[in-house]
Amino acid sequence: MQEAIRETAQSRLNEITSHMSAAAKLAGRAPEDVTLIAVSKTRSVSDIEPLIRAGHRNYGENRIQEAQAKWPELKNLDAGIVLHLIGQLQSNKAAEAVSLFDIIHSLDRLSLATALGKAMRDQDRFLPCFIQVNIGAEPQKGGCAIEALPELLAATQAEIIPVAGLMCLPPADMEPAPFFALLAELSARYGLDGLSMGMSGDFQTAIMLGATHIRVGTALFGERV
Ligand SMILES: *Cc1c(COP(=O)(O)O)cnc(C)c1O
């Protein structure tokens with residue numbers, strides 16, 4: 001049983017990796033410049049373990065509490081694990097996020113920059129942060145408005161927060177490519193390197209448009225229940 005699960009996770013991982021390489025090559029990019037984040041939210045420790053044993057090291061979670069319950073144990077399996085926070089973060093959880101995670105993808109407002117800056121200095125742990133941009137200007141969604149980016153970038157500098165790049169989640173019901181292209185353009189405008197964009201359904205498109213980090217859940221683990 002355990003063996004069967006491992007095979008499945010590993011074969012999906014191999015399949016996704018080969019699609020990633022193909023997309024990178026088409027765009028004239030090096031496949032190793034794109035990091036696959038296995039989005040393990042809602043998955044149990046026993047779902048995740050086979051992927052760790054297969055050698056995969058980058059994982060993404062969207063809730064602090066769930067991550068705190070699963071990852072201290074899982075991190076013991078491989079010292080090289082890199083844990084990404086991909087969900088909205090409340091300022092009062094900033095210290096917990098800084099102590100558990102390695103990279104944050106959801107820095108999206110001034111108050112959070114202040115809280116994260118303080119937590120990082122207190123813990124002497126300076127985590128790279130992606131600025132999440134509300135790329136489709138959707139009122140219900142997290143993310144910094146495009147017009148507010150310069151001010152938020154200035155705040156990260158003042159708080160000594162390392163900025164890894166920009167992150168987005170395009171509107172669910174629209175063609176994602178124009179939003180990925182817009183994020184890439186913003187990243188170039190502000191001289192940033194990283195682009196966290198692309199999920200199970202659109203990661204090849206995202207890679208062709210410059211993604212450095214793709215966040216893939218269902219294509220790796222199956223449908224969430
Ligand atoms: C859940 C989630 C993903 C993964 O989505 P899939 O469609 O399952 O690949 C990516 N990014 C964020 C921010 C998520 O919350």
Side-chain angles (χ1 to χ4, degrees), residues 8-20 23 34-44 47-48 50-51 56-71 82-90 93 97 100-109 112 116 127-145 164-177 179-180 182-184 186-187 194-225:
T8 309
Q10 192 157 7
S11 61
R12 284 175 173 155
L13 184 65
N14 291 342
E15 203 175 314
I16 290 169
T17 307
S18 71
H19 288 310
M20 288 173 66
V34 188
T35 299
L36 169 62
I37 301 170
V39 176
S40 51
K41 65 187 186 197
T42 78
R43 313 296 174 172
S44 66
D47 289 338
I48 301 166
L51 274 185
H56 191 75
R57 288 180 153 176
N58 285 271
Y59 295 87
E61 291 282 344
N62 67 340
R63 307 177 97 150
I64 303 282
Q65 256 191 324
E66 182 185 341
Q68 281 171 332
K70 286 165 19 186
W71 282 95
V82 180
L83 196 57
H84 301 253
L85 176 62
I86 61 167
Q88 279 203 14
L89 177 59
Q90 291 171 273
K93 298 269 173 67
L100 180 63
F101 287 89
D102 302 295
I103 302 186
I104 292 176
H105 292 245
S106 51
L107 171 50
D108 63 354
R109 57 195 190 278
L112 185 56
L116 281 172
L127 274 50
C129 292
F130 285 88
I131 309 263
Q132 183 175 349
V133 180
N134 188 351
I135 201 75
E138 296 173 281
Q140 80 286 6
K141 228 179 220 171
C144 165
L166 301 179
M167 178 272 208
C168 78
L169 267 167
D173 52 353
M174 290 177 79
E175 169 59 43
F179 296 99
F180 294 154
L182 178 56
L183 197 73
L186 290 168
S187 164
L195 282 172
S196 169
M197 59 188 195
M199 316 200 294
S200 290
D202 52 24
F203 67 85
Q204 286 142 302
T205 305
I207 290 170
M208 293 192 69
L209 290 164
T212 59
H213 293 71
I214 61 169
R215 310 177 309 263
V216 176
T218 45
L220 258 179
F221 292 102
E223 289 298 326
R224 277 183 291 276
V225 284

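Numbering of ligands and ligand atoms starts at 1, following listing order.
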How far is [atom] from the closest protein heavy atom, and which atom is that?
atom	value
atom 6 (P) of ligand 1	S200 OG, 3.5 Å
atom 14 (C) of ligand 1	K41 NZ, 3.0 Å
atom 10 (C) of ligand 1	M199 SD, 3.1 Å

- Min over I86, L85, T42 of heavy-atom distance to atom 12 (C) of ligand 1 lands on I86
- Note on the structure: Out of Q88, R215, E61, the nearest non-hydrogen contact to atom 4 (C) of ligand 1 is supplied by R215
Taking only heavy atoms of [X], which atoms of ligand 1 are found under 4.0 Å from at least one of them?
X	value
T218	6 (P), 7 (O), 8 (O), 9 (O)
V216	9 (O)
G217	4 (C), 6 (P), 8 (O), 9 (O)

With a cut-off of 3.5 Å and sequence neighbours excluded, list every side-chain donor-acceptor pair involving residues 200-212.
residue	atom	partner	partner atom	Å
S200	OG	T218	N	3.4
S200	OG	T218	OG1	3.1
S200	OG	A219	N	3.0
D202	OD1	M199	N	2.6
T212	OG1	L195	N	2.8
T212	OG1	L195	O	3.3

- Message: Going by salt bridge (charged side-chain N to carboxylate O under 4.0 Å, His left out), name the pairs with one or both residues in residues 57-67, residues two or more places apart or in two chains.
- Response: R57-D78, E61-K70, E66-K70
- Looking only at heavy atoms, which two atoms of L107 and C129 are closest? And how far apart? CD2-CB, 4.0 Å
- Please name the pair of heavy atoms, one in I131 and one in C144, separated by the smallest distance, quoted to 0.1 Å. CG2-CB, 4.4 Å
